[in-house]
Amino acid sequence: MPGPDMIVEPPQHFFEARRKVFPRKVDGPFRRLKWAIMAVTLTIYYVTPWLRWDRGPYAPDQAVLIDLTHRRFYMFSIEIWPHEFYYVAGLLVMAAIGLFLVTSAVGRAWCGYACPQTVWTDLFVHVERWIEGDRNAQIRLDRAPWGPAKIGKRGTKFAIWLAIAALTGGAWIFYFADAPSLARAFFTGTAPMPAYATVGILTFTTFTLGGLMREQVCIYMCPWPRIQSAMMDEKSLSVTYKTWRGEPRTHGLKRSSSPLLADLATGEAKIGDCIDCGACVAVCPTGIDIREGPQIGCITCGLCIDACDEIMRKVDREPRLIGYTTEADAKRAKAGEAPVPALKRLFRVRTIVYFLVWAGIGFGMLFALGSRTRIELSVAQNRNPLWVRLSDGSIRNAYVVKVRNMEARPRDVEISIAGVDGVLWNETGARETAARTVRMTVGADQVAKTQLFVAVPAGGEKRSDLTFTVRALDAEGGSASDHSFLEKPE
């Protein structure tokens with residue numbers, strides 16, 4: 001028990017309890033932009049696996065397919081093989097640099113409009129508003145005791161959320177197999193267990209992150225808000241409350257039309273445009289107050305701009321008290337100077353460097369895609385035995401040859417050698433029928449493996465450079481070469 005002279009300090013809380021966010025409905029150009037982006041992104045996600053693309057009889061006709069079974073990635077007319085994974089790596093690098101470019105130019109625009117967490121959270125919020133009503137109705141329902149009405153509304157909302165989450169997980173698995181076939185197998189209970197496990201995991205995560213956690217993901221879980229400061233500078237756009245216009249606040253519509261405050265230096269009446277209505281806070285999906293300055297919770301979605309403009313029209317004030325601006329332009333506006341022209345602000349060293357790197361990688365990948373051969377050759381010499389002396393005295397070496405046909409059709413090819421005066425035959429031929437070339441057929445999208453034997457006269461150098469060349473015999477042609485060595489005895 002503490003003594004009479006002891007001071008008892010209150011317990012310290014190191015973690016702030018979550019304050020539920022109930023965003024209010026708002027209309028305006030930024031809200032409509034978010035609607036458009038949501039419609040486009042969700043349509044792309046849900047519809048893409050069902051698009052068809054004719055690649056001939058030997059390849060799948062799904063436009064976008066990650067075929068793990070056959071180790072292929074198809075995107076319309078592009079086919080990526082496992083050894084070409086650098087194209088996928090290049091796309092990921094381009095995505096990262098593109099994000100750097102967007103952030104340096106317009107701040108967290110990705111977070112505010114196109115991030116999957118933002119898109120699905122926005123969708124869930126609209127479902128919630130449709131079932132439970134707008135902000136005030138949601139607050140009343142949240143505070144009300146549990147009863148039939150509350151249980152019914154919450155149950156309906158959760159059921160729709162669960163359906164959306166299940167569709168999200170279901171759409172994802174269709175990217176990895178033929179969508180119509182997998183859909184039939186899935187609903188008849190004959191699909192592979194990984195398909196059901198994937199849908200279950202994605203359903204749970206989508207429901208939890210988009211419906212229950214919402215702004216907590218953006219504020220606490222996502223690393224990008226903590227990284228973006230390195231991508232931005234004083235010329236990057238961000239949603240800004242213009243304090244030089246809004247302060248001091250007038251706290252109400254009636255007071256906003258009365259000169260209640262006076263500048264002590266001049267004696268002239270001075271009031272700010274902000275009436276402290278809280279509309280910007282009420283519509284914010286993360287629940288922040290943009291008037292407190294730059295914050296990690298601001299995803300720059302622009303909804304506070306729409307809400308504030310609506311109020312400014314009602315009080316007959318100039319719009320864009322809250323708007324997209326840069327730190328440099330904010331300083332110029334406070335000093336009464338004109339903002340920097342948009343093109344000059346956009347085309348600066350940082351953004352130009354990001355764009356050139358991004359475009360360079362993209363053009364490099366396009367050039368590589370356009371110039372790559374659709375037939376490849378790899379040769380490995382058998383080392384046991386290293387060489388064999390034939391009855392006529394010639395020396396024979398053996399090689400394992402793999403011919404990769406990257407076309408969606410069978411191809412006849414011819415393999416030849418150069419660098420030595422010898423002949424070759426494969427495992428189905430004989431020394432008596434040997435020639436300078438060997439022909440074979442490689443199946444569509446397959447790798448044909450064969451053993452080739454090369455015989456050369458005895459004598460000469462112990463080790464000679466040997467070049468194998470494969471040439472397609474069809475109209476499109478194409479060839480590839482690989483190098484090896486021909487071994488002889490001392």
Side-chain angles (χ1 to χ4, degrees), residues 37 40-45 47-49 51 53 62-120 168 171-176 198 202 205 209 217-218 221-233 235-238 296 299-300 345-374 376 378 404 406 445 480:
I37 294 176
V40 170
T41 53
L42 290 179
T43 299
I44 292 174
Y45 177 75
V47 173
T48 297
L51 299 178
W53 189 266
Q62 186 162 311
V64 178
L65 176 64
I66 305 171
D67 189 353
L68 297 180
T69 303
H70 300 95
R71 298 184 298 172
R72 302 285 191 279
F73 172 53
Y74 299 94
M75 179 178 288
F76 298 98
S77 60
I78 299 174
E79 178 185 354
I80 303 298
W81 283 58
H83 69 285
E84 297 178 314
F85 190 79
Y86 50 82
Y87 288 112
V88 179
L91 287 176
L92 295 176
V93 172
M94 285 186 67
I97 296 176
L99 186 57
F100 297 163
L101 172 61
V102 170
T103 302
S104 64
V106 292
R108 291 179 66 183
W110 164 260
C111 299
Y113 299 97
C115 174
Q117 172 66 21
T118 296
V119 171
W120 266 275
T168 302
W172 179 252
I173 64 173
F174 294 146
Y175 283 89
F176 296 85
T198 301
L202 290 180
T205 53
L209 300 181
V217 176
C218 300
M221 293 178 60
C222 181
W224 185 240
R226 294 151 182 84
I227 299 173
Q228 67 167 344
S229 58
M231 304 295 111
M232 299 176 65
D233 55 26
K235 296 180 181 178
S236 301
L237 282 175
S238 62
I296 199 171
I299 61 174
T300 66
R345 181 184 66 237
L346 183 61
F347 294 103
R348 59 189 194 276
V349 174
R350 180 189 291 259
T351 56
I352 291 174
V353 169
Y354 284 146
F355 177 77
L356 290 178
V357 174
W358 179 85
I361 296 174
F363 282 120
M365 291 175 58
L366 287 176
F367 177 80
L369 279 172
S371 60
R372 65 178 178 169
T373 59
R374 305 304 292 158
E376 292 188 355
S378 63
R404 179 184 288 115
M406 301 170 64
D445 264 339

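Each residue takes its place number in the sequence, starting with 1. The analysis underlying the following values was restricted to heavy atoms, covering all of them including side chains, and did not include hydrogens, waters or symmetry mates.
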If every non-hydrogen atom of [X] is compared with every non-hydrogen atom of [Y], which pair is closest and at what distance?
{"X": "S104", "Y": "S236", "result": "O-OG, 2.6 Å"}
{"X": "R348", "Y": "D233", "result": "NH2-OD1, 3.1 Å"}
{"X": "M365", "Y": "M94", "result": "SD-SD, 4.1 Å"}
{"X": "C218", "Y": "P225", "result": "O-CG, 3.5 Å"}
{"X": "Y175", "Y": "P49", "result": "CE1-CG, 3.4 Å"}
{"X": "A109", "Y": "V102", "result": "CB-CG1, 4.1 Å"}

Within the side chain of [X], is there an N or O that forms a donor-acceptor pair under 3.5 Å with the backbone of [Y]?
{"X": "Q62", "Y": "F174", "value": "yes"}
{"X": "R108", "Y": "I296", "value": "yes"}
{"X": "T118", "Y": "Y113", "value": "no"}

Would you indicate whether the side-chain heavy atoms of [Y] and [X] approach each other to under 4.5 Å?
{"X": "I80", "Y": "M75", "result": "no"}
{"X": "V64", "Y": "Y74", "result": "no"}
{"X": "Q228", "Y": "W110", "result": "no"}
{"X": "H70", "Y": "D445", "result": "no"}
{"X": "Q117", "Y": "M221", "result": "no"}

Does F347 have more than 12 heavy atoms from other residues, nucleotides or ligands lying within 6.0 Å of its CZ?
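No, because the 6.0 Å sphere around CZ of F347 holds 12 heavy atoms or fewer from other groups.
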Within the supplied structure, the quantity of interest is the number of heavy atoms (other residues, nucleotides, ligands) at a distance under 6.0 Å from R372 CZ; does it exceed 12?
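Yes, because the 6.0 Å sphere around CZ of R372 holds more than 12 heavy atoms from other groups.
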Modelled atom types, side-chain donor and acceptor of T351 and R345, under 3.5 Å
no
[X] vs [Y] aromatic rings, parallel, tilted or perpendicular, using cut-offs 30° and 60°?
{"X": "W120", "Y": "Y45", "answer": "perpendicular"}
{"X": "F100", "Y": "W224", "answer": "parallel"}
{"X": "W81", "Y": "H83", "answer": "perpendicular"}

Side chain to side chain contact (heavy atoms under 4.5 Å, CB included) with V93: which residues, sequence neighbours excluded?
I97, I361
What distance do [X] atom [atom1] and [Y] atom [atom2] have between them, rounded to the nearest 0.5 Å?
{"X": "W172", "Y": "T198", "atom1": "CH2", "atom2": "OG1", "answer": "10.0 Å"}
{"X": "C222", "Y": "L209", "atom1": "SG", "atom2": "CG", "answer": "11.5 Å"}
{"X": "M406", "Y": "T373", "atom1": "CE", "atom2": "OG1", "answer": "7.0 Å"}
{"X": "I78", "Y": "L366", "atom1": "CD1", "atom2": "CG", "answer": "7.5 Å"}
{"X": "L346", "Y": "I352", "atom1": "CG", "atom2": "CD1", "answer": "8.5 Å"}
{"X": "E84", "Y": "E79", "atom1": "CD", "atom2": "CD", "answer": "8.0 Å"}

Can you name the residues that form a salt bridge (charged side-chain N to carboxylate O under 4.0 Å, His left out) with E376, not counting sequence neighbours?
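Per chain and number, E376 pairs via salt bridge (charged side-chain N to carboxylate O under 4.0 Å, His left out) with R404.
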